[in-house]
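No experiment lies behind these values; they were computed from the predicted model shown. We number each residue from 1, following the sequence as shown.
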Amino acid sequence: MAKQKLTAGEVIAIYLEKRGVEHIYGVPGAAILPTYDAIKERTNIKSYVVRHEQTGAFMADGYSRATGKVGVCAATSGPGGTNFLTGLYGAWMDSIPMIALTGQQKSSLIGTMQFQEAPIVEMARPVTKAAYILKDGSKVAELIHEAWETATTGRKGPVLIDLPVDQQKVVVEIDLDELIGSSQPEVLPQATDEEIQQVLELLAKAKKPVVISGGGVNLANATAELKELVETIEVPVVTTGMGMDTFPNDHRLFAGRMGTMLDTPFGNKTILESDLIINLGGRFADRSTGHVEIFKRDATIIHVNIDRKELGKVVETELGIVSDVKSFMAKLAQTYKQLGAGVAATAEAGAKIDLTEERKKHARKQDYETLPIRPERALKELREFLDRDAFASHDCGISQIWSCQLFETYVPRSYLLTGGAGTMGWGLGAAMAAKLAFPERQSVNILGDGSLGMSLQDLATAAKHDIPIIVFVMNNSLLGLIRQQQNWFYDERQISTDLIYRNELCDNEERGIDFVKTAAGMGVRGELVTHYDEIKPALQRAVDSGKPYLIEVVVDPTAVCGFSNNGTLKGFEYSEK
């Protein structure tokens, strides 16, 4: 296209559309209106208004995780921008590419404590990959281009752009096609031939090697390469919290999940008995390793990560490789085939490992028939009902831990959770964004009543925009995970974890909030479930409705989730910070 005269707000809107952005999530306000107006008048980007700016950030984050694309959110100045901070922090912890646009007071008033003025750039810098302010509207094209490149290259992450309202109105002359065309192909770091050879030599010496698949495998869109690699070298796979959906959970080489809480018994057993650990795109986070010295034992560690700072940061590493995991896995598999390298994991040449029966043997119990419904049984009924490619989004808390321990995943980018931030209230926005991105797939938010209390207002967003998600709330009327820790680590001294109260208006003395009636008040259908046999029929009604639907499942408040500290998996004890 030839050069055009555009306002800075129009430059941002048109640039984003040319980059493939289809949705923007947020809440408009006076200071961001020039950009919102440009989105409406100059693009086909669909704007989704939410009931809390935080949910807008969560939707942008969830959209990015589900699609691998850039999520975009927008809010006004002051509290609009500060309400983004938790969402930015969650995306930053997990290396999720996002663009957050915030309005700002006009340039001449910045720093004078005027109405809805906040130093959002300074606030956001510690929890973003970069944060900018548009000081000169004539430089808007260069700024949005740099922000996009920053968010999407190297170790990805969220970027914030603060836009003074007067600078959004500055007129510039620009050829955006030429600007976008100036982008150079990204050159990612790759493992050397010598490093690949070292890996093969360590594999040949190992008797029980294991591959850890971390969140970086999804971020690199490398799940096909992972499957090809492990099937080539015949090595078991264990996933981290962020890598839950990077490998089919019913594959013969899947050993399970690892960690102090988000684990499966056989996954931890496989790690603890291994003599060679290859971490692909993981961080060795504390909920993965537990006590590092026991996690490592005498095992040799190979760590592959795109970010050099991650190598050796938590766990001492014999071989640290700075590389894009996608190219690393492809190169390792190809070299292995060419050299005919042998790996001691197989009993003999050509032998195939099948962990299916061992994995089932060590699986946690789910078929409880007691009432109130055990959460384990509720998740069993849910997983059996859902399609293989259904999205399952999560909030933090005991519901997330139960799901990570029990809920099988089969399709990449379908299991959505915040790994580093662990944000309550996150999953509803993520479920809505995933459903908007893939209307043909089921999308369910699995959460507890404590988390739903932090996102409840945005059931109205699902109703307004007619987003047919399922909200599957397991209600124990507790902050369940914190209550469990009070009981285990604080001699049952319980404080502020009981959410039960007598709700006279809803004739409810056992649950406090009546989520079904509250949802109905916002235009969301729902029903209460008190028996496990009712779960699948309720789910079927939810799907058949074609509308947003809430299922409130009353679960046993005495049920606790198992941490890996039962003596059989020593070293994975839960420890407080």
Side-chain angles (χ1 to χ4, degrees), residues 6-26 31-32 34-36 38-39 42-43 45 53 56-57 59-61 63-64 67-77 80-81 84-85 87-104 107 110 118-165 167-168 170 172 174-186 219:
L6 303 167
T7 67
E10 289 173 332
V11 169
I12 291 170
I14 296 170
Y15 181 94
L16 292 175
E17 184 175 46
K18 285 181 174 294
R19 284 294 195 176
V21 173
E22 298 176 323
H23 303 159
I24 188 167
Y25 315 101
I32 193 67
T35 298
Y36 259 101
I39 289 168
R42 300 302 302 267
T43 77
I45 295 173
E53 291 90 353
M59 290 185 76
D61 184 358
Y63 174 89
S64 182
T67 64
K69 301 177 183 179
V70 176
V72 180
C73 53
T76 195
S77 59
F84 270 172
L85 289 174
L88 290 168
Y89 155 61
W92 174 71
M93 287 286 281
D94 295 343
S95 305
I96 304 301
M98 275 174 53
I99 300 286
L101 307 174
T102 54
Q104 181 57 275
S107 303
I110 293 174
I120 192 64
V121 169
E122 289 77 12
M123 291 174 159
R125 275 188 179 131
V127 292
T128 55
K129 191 174 178 187
Y132 307 92
I133 183 168
L134 181 62
K135 294 181 179 180
D136 180 355
S138 68
K139 305 295 184 184
V140 65
E142 295 89 334
L143 182 60
I144 184 65
H145 188 61
E146 180 181 338
W148 184 276
E149 297 281 296
T150 299
T152 58
T153 58
R155 182 171 180 171
K156 300 176 177 65
V159 172
L160 178 133
I161 308 174
D162 198 31
L163 302 167
V165 65
Q167 298 302 323
Q168 295 174 58
V170 170
V172 300
I174 184 71
D175 184 337
L176 287 176
D177 287 338
E178 182 180 12
L179 177 66
I180 292 171
S182 69
S183 296
Q184 298 299 311
E186 184 178 12
L219 293 173

When you compare the side chains of T7 and Q168, does any donor N or O come within less than 3.5 Å of an acceptor on the partner? no

Side chain to side chain contact (heavy atoms under 4.5 Å, CB included) for I144 and L16? Distances and angles first, verdict last. CA-CA 9 Å; I144 184 65; L16 292 175; 4.3 Å; yes

Indicate whether the side chain of Y36 and that of T76 have a donor and an acceptor atom separated by less than 3.5 Å. no

Where S95 and L219 come nearest, the two heavy atoms and their spacing: O-CD2, 3.5 Å

Which heavy atom of T152 sits nearest to which heavy atom of E186, and what is that distance? O-OE1, 4.0 Å

Restricting to non-hydrogen atoms, name the atom on K129 and the atom on G157 that form the minimum distance, rounded to 0.1 Å. CD-N, 4.1 Å

Could you check whether any side-chain heavy atom of T128 comes within less than 4.5 Å of a side-chain heavy atom of V159, counting everything from C-beta outward? no

Looking at CD1 of I99 and CZ of R19, how far apart are the two atoms once the value is rounded to the nearest 0.5 Å? 10.0 Å

Rounded to the nearest 0.5 Å, what separates atom CD1 in I133 from atom CD1 in I110? 4.0 Å

Side chain to side chain contact (heavy atoms under 4.5 Å, CB included) for M123 and L85? Distances and angles first, verdict last. CA-CA 8 Å; M123 291 174 159; L85 289 174; 4.1 Å; yes

Checking Y63 now: which residues fulfil ring pair (Phe, Tyr, Trp, His ring centres under 6.0 Å) with it, not counting sequence neighbours? H23

Does any N or O in the side chain of Q184 come within less than 3.5 Å of the main-chain N or O of S182, such that one atom is a donor and the other an acceptor? yes

Between the NE2 atom in H145 and the CD1 atom in I180, the distance rounded to the nearest 0.5 Å is 8.0 Å

How about D94 and D61: do any of their side-chain heavy atoms sit closer than 4.5 Å? no

Interatomic distance, CD1@I32 vs OG@S77, rounded to 0.5 Å, equals 9.0 Å

Hey, are the side chains of S107 and Q167 touching, using non-hydrogen atoms and a 4.5 Å cut-off? yes

Run the side chain to side chain contact (heavy atoms under 4.5 Å, CB included) check on M59 and S64 step by step: do they pass? CA-CA 8 Å; M59 290 185 76; S64 182; over 6 Å; no

Below 4.5 Å, heavy atoms only, C-beta onward: do I96 and P158 meet side chain to side chain? no

Is any side-chain N of the basic residue among K139 and E146 closer than 4.0 Å to the acidic one's carboxylate O? no

List the steps and the verdict of side chain to side chain donor-acceptor pair (under 3.5 Å) for T150 and Y132. CA-CA 11 Å; T150 299; Y132 307 92; 3.3 Å; yes

Determine, stepwise, if the pair L160 / V121 fulfils side chain to side chain contact (heavy atoms under 4.5 Å, CB included). CA-CA 7 Å; L160 178 133; V121 169; 4.2 Å; yes

Test item: L134 and D162 side chains (from C-beta on) under 4.5 Å apart, heavy atoms: no

Closest non-hydrogen atoms of M98 and A151, given as atom of the first, atom of the second and distance, are O-CB, 3.9 Å

Atom pair CD1/OG1 of I12 and T35 - distance to nearest 0.5 Å: 4.5 Å

All heavy atoms of A75 vs all of E53, minimum pair found to be CB-CG, 3.7 Å

Do the non-hydrogen side-chain atoms of T102 and L163 ever get within less than 4.5 Å of each other? no

Beyond-backbone contact of V21 with T43, side-chain heavy atoms, under 4.5 angstrom: no

Considering only heavy atoms from C-beta outward, does the side chain of L176 approach that of K18 to under 4.5 Å? yes

Which heavy atom in L101 sits nearest to a heavy atom in F84, and how many Å separate them? O-CE1, 3.8 Å

Could you give all pairs that pass the salt bridge (Lys or Arg N to Asp or Glu O under 4.0 Å) test and reach residues 68-77, with sequence neighbours left out? none

